[in-house]
Structure formats: structure tokens, C-alpha cells
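Scroll down for the structure; my scribbles are underneath it.
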Amino acid sequence: MLVVVSFGMASSAVQSWVRPRGRLVSHALVAVISLALAELIARSLQLERIGGVLCLASLASLVVCARLGWRQALFGVAGLAVLSVPAVYSQHDPVLATTVLTGTALGLGLTVRWQIKPAYWLMVVSLCILITNSPLPAAPAAWDVIKLALALLACGSLATVLQTQALCLVGSPPTPTPFAVVNSWRRSGAHALMLATATLVTTPIALEHHWHIAGLWLVLTPFLVLQPFVRDSWSVALHRCLGNFGGVLLVILLAHTLPHSVPLELPAIAAGVITVVIAVKHGHRALMITALTVTIVLFNSSNHDLLLMADQRVQASALGIAIALVLMALAHPIERRFGGPPPRMTPSR
């Protein structure tokens, strides 16, 4: 009942404030409302610890909806809800966790055929959190797992509906990116295999050594660094390093200036909104990683361990980048052996 009332209030707020503001402000406002609804749903289910995951799932749905349309956003969040069940149960099962993430990597890698992989990366963040740093106990009750899956589906769906309606209210309906063929199946399959190989290395390390949130950054880094063409991955790795460094500096600044009486959820929501706006507007990759770093660290930290989380982020990301660089170095001669990267296919409308 609370969710229904909040949804009605959210719609009224969108209609009152977004109409004269434009598309960019609508993205920011919808992000704030979606994050608030995610926290409300977590509390209404008496599972406050899942609030961070629900917030990230809402942000992921907003990015997919803005770039690809509401159908793909609902498809993505439904897939996340289904995968959340084995993900939660794989906390202390490296084999199951590796299987889930390897299958996800294969599917995500194939999407580079249409160059839509960047739209789904926040969905992967949510899934990795459920595996490496699950908000549920090691042996969760079946009903709690079901509630988590339903909450993920509800948060993503509400965020998608709000995004679509808000853009229509400001006279700027969503203009999803067309599904144009950009890469060949051979290139897409090779990229999928590289991502899957990375998860075969990173996931057992994260799970067997109980790295928890640091394991998230280790597993996630190759997803962000590896690109369909090796030549593109080097610049992405550089941007990833710059984004991590910038994000950690901001976290350190917050740790020394933010009063302990201020809940970390407030700057976390602000950073999440900025992440969505940068992603939707196709901003620079380093800026997006900077905002994402701050968002994830704040959502998964408390005031007393904020600096520790930032330090672990740097170490785990550095190892993840190193693993990605090794895979790139191995793939480069293979790519050259077959005459270099094949020409990109002309997008078909």
C-alpha cells in the first residue's frame, strides 16, 4: 500500500516539477524518486540490508530504459531477478558462482554485436554484489530470497515506468538506440569468450578468499575494461584507472569532511543520480567510473570503514585491470594472426 501511495506521489511530483525543466532534469528527478522507492520497498519487506542492491537495480533500469527503451529495461531487470536466486545461494559456492557469472559474461559479450553492452553494465554490478557481498545471510530462508527477487523486479519496473512517463510529460518521449549490427558474430563470440575467461579467474579468487565487497570490484573490472577490439581496451583501461583514482579521492575527501551525523545514503543517492545522468548523456568514461566508484563505496560502507573500503577498491581494481591486461596481451597476437581486427560492419537500420 505504501508503494502504491508513493508511486502516486512520485507521479504528481514528476508532473509538477519536471514539465518545465527538460529532459536532463527529468532523468535526475526520476533517479532520486526511484532510489527513494527502492529504500521504501526494502523497509516495507523488513529487509533493510537489500536497499543498496535495490537502488543499483533501479539505476540500472533507468540507464537501459533511456538508451534502449522500456521493453529492454523490463527484460533486463527480469533477468536480474531470475539470476538473483542462484546468485544469493552461491555466496560460499565458488563453482555455482563461477557458473552464474560465466554464463552472464557469455550473454553480455554477445551483445556487442549491436553495441548495447554498456547499457547493461549496471545490471552486472547488481548481480556481482549478490554473489560477492550478498545482503542476505549465508543460508537465507527461501521466502527471503523470493522477496529479494520480487523486490528487484518491482524496483526496476517502477523506475522504468517513471522514466517513460516523465519523459512523455516534458514532451520528450524516449528515443531508444536502434539495434544496429555493429560487430560480426565472430568478433562478438571472441569478446564473450574473453569475458567468460576473466570470470573463470576472478570469481574463484573473490569467493575462496572471502573478499566480499573488494571481490565485487575484482570481478567487475574486466567487464568494464575488456572491449571487442584489443586496441580499444588500452584506452578503456586508462580511463578505468583515472576513474578509480578520482572516485577514491572524492571518497577520502568525504570521509574527512562529512559529519558522522549525516547518513552515507544521502551522498550515495547524489552520486547515483550523477552516475545515471553521465551514463544517459554518454559522458566521458572516466567521469562515469568516478561517479560509480563513489556510489558503490558509499552504498556499501559505514562512516567508520569508509577509508578502508576506498583502499580495498584500489587494490582489487588494480588486480582486475592486471588480469584484463594479461588477457588483452594474449589476445593481441591472435588478433594479428588473423589479419588484424576485422572491419566493423556498417550499422543497418
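Not measured: the values here are computed from a predicted model.
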Check step by step if side chain to side chain contact (heavy atoms under 4.5 Å, CB included) holds for R43 and E39. CA-CA 6 Å; R43 289 190 174 90; E39 290 288 351; 3.6 Å; yes
Residues in side-chain contact (heavy atoms from CB on, under 4.5 Å) with D311, at least two apart? Q315
Criterion side chain to side chain contact (heavy atoms under 4.5 Å, CB included) on Y89 and V100, from CA distance to verdict: CA-CA 11 Å; Y89 284 116; V100 173; over 6 Å; no
What are the two closest non-hydrogen atoms of D144 and L136, and how far apart are they? O-CD1, 4.1 Å
Any donor-acceptor pair under 3.5 Å linking the side chain of Q312 with the backbone of A214? no
Which of I41, L40, L35 passes side-chain contact (heavy atoms from CB on, under 4.5 Å) with L54? It is I41
Main-chain N/O of L226 paired to S233 side chain as donor or acceptor, under 3.5 Å: no
Run the side-chain donor-acceptor check on residues 200-209: report pairs under 3.5 Å with partners two or more places apart or on a different chain.
| residue | atom | partner | partner atom | Å |
| --- | --- | --- | --- | --- |
| T202 | OG1 | A198 | O | 3.0 |
| T203 | OG1 | T199 | O | 2.9 |
| H209 | ND1 | I205 | O | 3.1 |

Angle between ring planes, H210 versus H92, binned at 30° and 60°: parallel, tilted or perpendicular? tilted
Donor-acceptor pair, distance only, cut-off 3.5 Å: does the side chain of S84 make one with the backbone of A81? yes
Keeping the roles fixed (side chain from K117, backbone from F223), state whether a donor-acceptor pair exists under 3.5 Å. yes
Determine whether a donor-acceptor pair (N or O, by modelled atom type, separation under 3.5 Å) exists between the side chain of R187 and the backbone of P228. yes
Does T99 offer a backbone N or O that forms a donor-acceptor pair with the side chain of T102 under 3.5 Å? no
Taking all non-hydrogen atoms of both residues, which atom of V297 and which atom of A310 are closest, and how far apart? CG1-N, 4.5 Å
